[in-house]
Structure formats: C-alpha cells, structure tokens
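As structure tokens, the structure follows; a few thoughts come after it.
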2 protein chains.
Amino acid sequence: MAQFVHPASQDITLAGVLAALSDPMRLRIVKSLLGQADCMSCTAAAPCPDMAKSTLSNHFRVLREAGLIRTTKKGVEHQNTVREADLNARFPGLLKAILKHAEEG
Amino acid sequence: MAQFVHPASQDITLAGVLAALSDPMRLRIVKSLLGQADCMSCTAAAPCPDMAKSTLSNHFRVLREAGLIRTTKKGVEHQNTVREADLNARFPGLLKAILKHAEEG
DNA sequence: TTCAATAGTCCCATACTTCCGAACTATTGA
DNA sequence: TCAATAGTTCGGAAGTATGGGACTATTGAA
C-alpha cells in the first residue's frame, strides 16, 4: 500500500499528535473510528455530512501523517483504523487521556 | 487585573488546550512553568533566547486564552502560572498525561 | 466492453494564521 | 525627568486551511 504515507511508530511526535487532535473535526473522526471495532471508510467516519470532500480528505491526510490512523485501500473505499497499539507504545496513556474528554457522541 | 483575558474554567475547551499545546514552543513554556514552584516572567519562561518578543508575547496570549496559564502584572514583569487546579478540574489527568511525554529539558 | 456511479485525491484561488520588526505603553530606578 | 526594562500592538510577508472542480480508480450493470 505504498500509495499512503504512514510514519513509523517511532517517528510519531507529541506535537504532531496534539496538532492533529486539536481540530474538533479530527477529534470527532478519531472518536468515531475508536467507537468501531472495525475499519471505517472516510465518509462513514465523517464528522458532518455537509463537509466538502476535499476538506474531509485533507483531515484524513493530516491524521495519517501524524501517525494517528492507518489507511488501506479496499475496492472503492479506503479503510481507516486508529493506530492504537503504536500510539500506546510511543505515548502510553495519552490517547486514552485525550479521548476520555472528547465530547460525547 | 482586567487587562488580561482569562476564561472561566468551565470555558476551557479540549480543542483549545490541545491547540495551545500542539506548538512545541508553548509546550516548553508550560513545562518550564510547571517546573517552577513560583510564577515566572515571560522572558524567564521563554523556550529560546532568540525568539522575537512579539512572538513570545503571542504564545503567552494563546496560552492565556486557552486557559492554560494565568498572568498577573507585578511591576514591570508579568507573572505567569499554569492553571493546574482549573485544568485538572475540567479535564482530570489530561495535563499530566500530555506533559509526561514532553521532551526532557 | 463500455458506461455510470461511487470514493477519494490533487490542484488552485481565497481566507485565515503565524512570525517578526518596529513603534508603543507602563513601570521602575537613577 | 530620563533611560532601561518588560510586554503589547500593529502591519506586512510567509505559511496553512478550506472548498470547488477536475481527476483517478474501482465496481457493477447493461
């Protein structure tokens, strides 16, 4: 899946993670993804239906480049998952501590 | 001290806190402030000596408006403290979880 | 096969932020 | 009263985000 840029887990930075999650839309995307056991397509995880496709795509790119999610292509959809294990290995407890406080939904 | 804008603790938002801390310089400022028992002036907490005064001032404004620090004026200096109690009341465990991973220094 | 539909990405113009230097304010101390 | 110090505010240049439209890739149906 060389078409997507996924940083190695040791390259995930604290500032990068915080910057990625500091956008309420992206926080909601990550929360959606964690709520699902399975992968989700971009549109399925979209925080609001009226967001432009390009903007949504951009948010996913930011999350990917920050190392928060991994995207693989399956047919016409892209499957996204939170890189929970990598994140917990790099910054133990951080993701949980942040998402605990993300608004209910 | 009406000259500074300090949000009420219930107005502190998760996105605001994350955005404020997603800048490495501001993360270092907060880390410096927490390392001190006492208040610190802006320049004393400055993350690097060659940063423009206006930039530093702006970082402190962002931290203030996000509710991370409180600033009071004392003579020619401004005294800054982290609003630890407010933050812990609003988002228990968050500040600690983030700063635990901030680079050593 | 070809064609339409679907899911995302890429590109670009506009709008918003951030950074810094310079000018400004406020306080202190000589 | 004047110089020095600590920050703030302003304005322009550089960077970043947004969303519309064109583009690519895959699927499923005719």
Side-chain angles (χ1 to χ4, degrees), chain A residues 1-6 13 15-30 32-33 36 38-66 68-82, chain B residues 1-6 13 15-30 32-33 36 38-66 68-82:
Chain A
M1 297 293 170
Q3 57 196 312
F4 293 115
V5 181
H6 295 118
T13 67
V17 170
L18 296 181
L21 293 180
S22 69
D23 182 293
M25 294 301 161
R26 290 195 290 264
L27 199 55
R28 287 166 65 184
I29 291 172
V30 171
S32 282
L33 290 176
Q36 295 293 110
D38 248 5
C39 294
M40 279 176 108
S41 70
C42 296
T43 44
C48 47
D50 54 331
M51 170 174 286
K53 273 196 310 175
S54 52
T55 305
L56 186 61
S57 175
N58 186 55
H59 283 317
F60 276 92
R61 187 181 52 74
V62 172
L63 289 171
R64 226 162 20 231
E65 289 178 6
L68 278 156
I69 65 170
R70 172 170 286 119
T71 305
T72 55
K73 198 164 179 181
K74 177 140 188 200
V76 82
E77 287 187 349
H78 291 196
Q79 298 194 309
N80 300 284
T81 31
V82 178
Chain B
M1 296 294 168
Q3 59 196 312
F4 294 115
V5 180
H6 294 119
T13 67
V17 169
L18 296 180
L21 293 180
S22 69
D23 182 292
M25 293 301 161
R26 290 195 290 264
L27 199 55
R28 286 166 66 184
I29 291 172
V30 171
S32 283
L33 290 176
Q36 294 293 109
D38 247 6
C39 293
M40 279 176 108
S41 71
C42 296
T43 44
C48 47
D50 54 333
M51 170 174 286
K53 273 196 309 176
S54 53
T55 304
L56 187 60
S57 176
N58 186 55
H59 283 316
F60 275 92
R61 185 181 54 73
V62 171
L63 289 171
R64 229 167 12 235
E65 289 178 6
L68 277 156
I69 65 170
R70 172 170 285 119
T71 305
T72 55
K73 200 164 178 180
K74 178 143 187 197
V76 82
E77 287 187 349
H78 291 198
Q79 298 193 309
N80 301 282
T81 32
V82 177

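We name chains A, B, ... by the order of the sequence lines, and we start the count at 1 in each one.
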Any side-chain heavy-atom pair from A:Pro49 and A:Thr43 closer than 4.5 angstrom?
no
Mind checking whether A:Asn58 and A:Arg61 have side chains closer than 4.5 Å, heavy atoms only?
yes
Is the shortest side-chain N/O distance from B:His78 to OP1 or OP2 of D:dT8 below 4.0 Å?
yes
Check: protein-nucleotides 20-23 of chain C nitrogen or oxygen pairs below 3.5 Å:
from	atom 1	to	atom 2	distance (Å)
C:dC20	OP2	B:Thr55	OG1	2.6
C:dG21	N7	B:Ser54	OG	3.2
C:dG21	O6	B:Ser54	OG	2.9

I want to check something: taking the side chain as every heavy atom from C-beta on, are A:Met25 and A:Cys48 in contact at a cut-off of under 4.5 Å?
yes
Can you tell which of C:dT6, D:dG7, D:dT5 lies closest to the side chain of A:Val76?
C:dT6
Please tell me if A:Ser57 has a side-chain N or O lying less than 4.0 Å from either OP1 or OP2 of C:dT9.
yes
Is any side-chain heavy atom of A:Thr71 closer than 4.5 Å to one of A:His6?
yes
State the pairing partner of C:dA30; accept Watson-Crick or G-U wobble contacts with both distances under 3.5 Å, and report none otherwise.
D:dT1
Side-chain N or O of B:His59 versus OP1/OP2 of C:dT18: is the shortest distance under 4.0 Å?
no
From the list D:dG7, D:dT18, C:dG8, which nucleotide is the closest neighbour of the side chain of A:Asp23?
D:dT18
Considering heavy-atom distances to DNA chain D, does A:Gly75 or B:Arg64 have its closest nucleotide positioned more toward the 5' end?
B:Arg64
Would you please indicate yes or no on a ring centroid separation below 6.0 angstrom for B:Phe4 and B:His78?
yes
At under 4.0 Å, does any side-chain N or O of B:Arg61 touch on OP1 or OP2 of C:dT18?
no
Would you tell me if any nitrogen or oxygen in the side chain of A:Thr43 comes within less than 4.0 Å of OP1 or OP2 on C:dG8?
yes
Find the distance A:Lys73:NZ to C:dT6:P and express it as a whole number of Å.
17 Å
Any side-chain heavy atom of A:Leu56 within less than 4.5 Å of one from A:Pro47?
yes
Base paired to C:dA13 (Watson-Crick or G-U; both N/O distances under 3.5 angstrom):
D:dT18
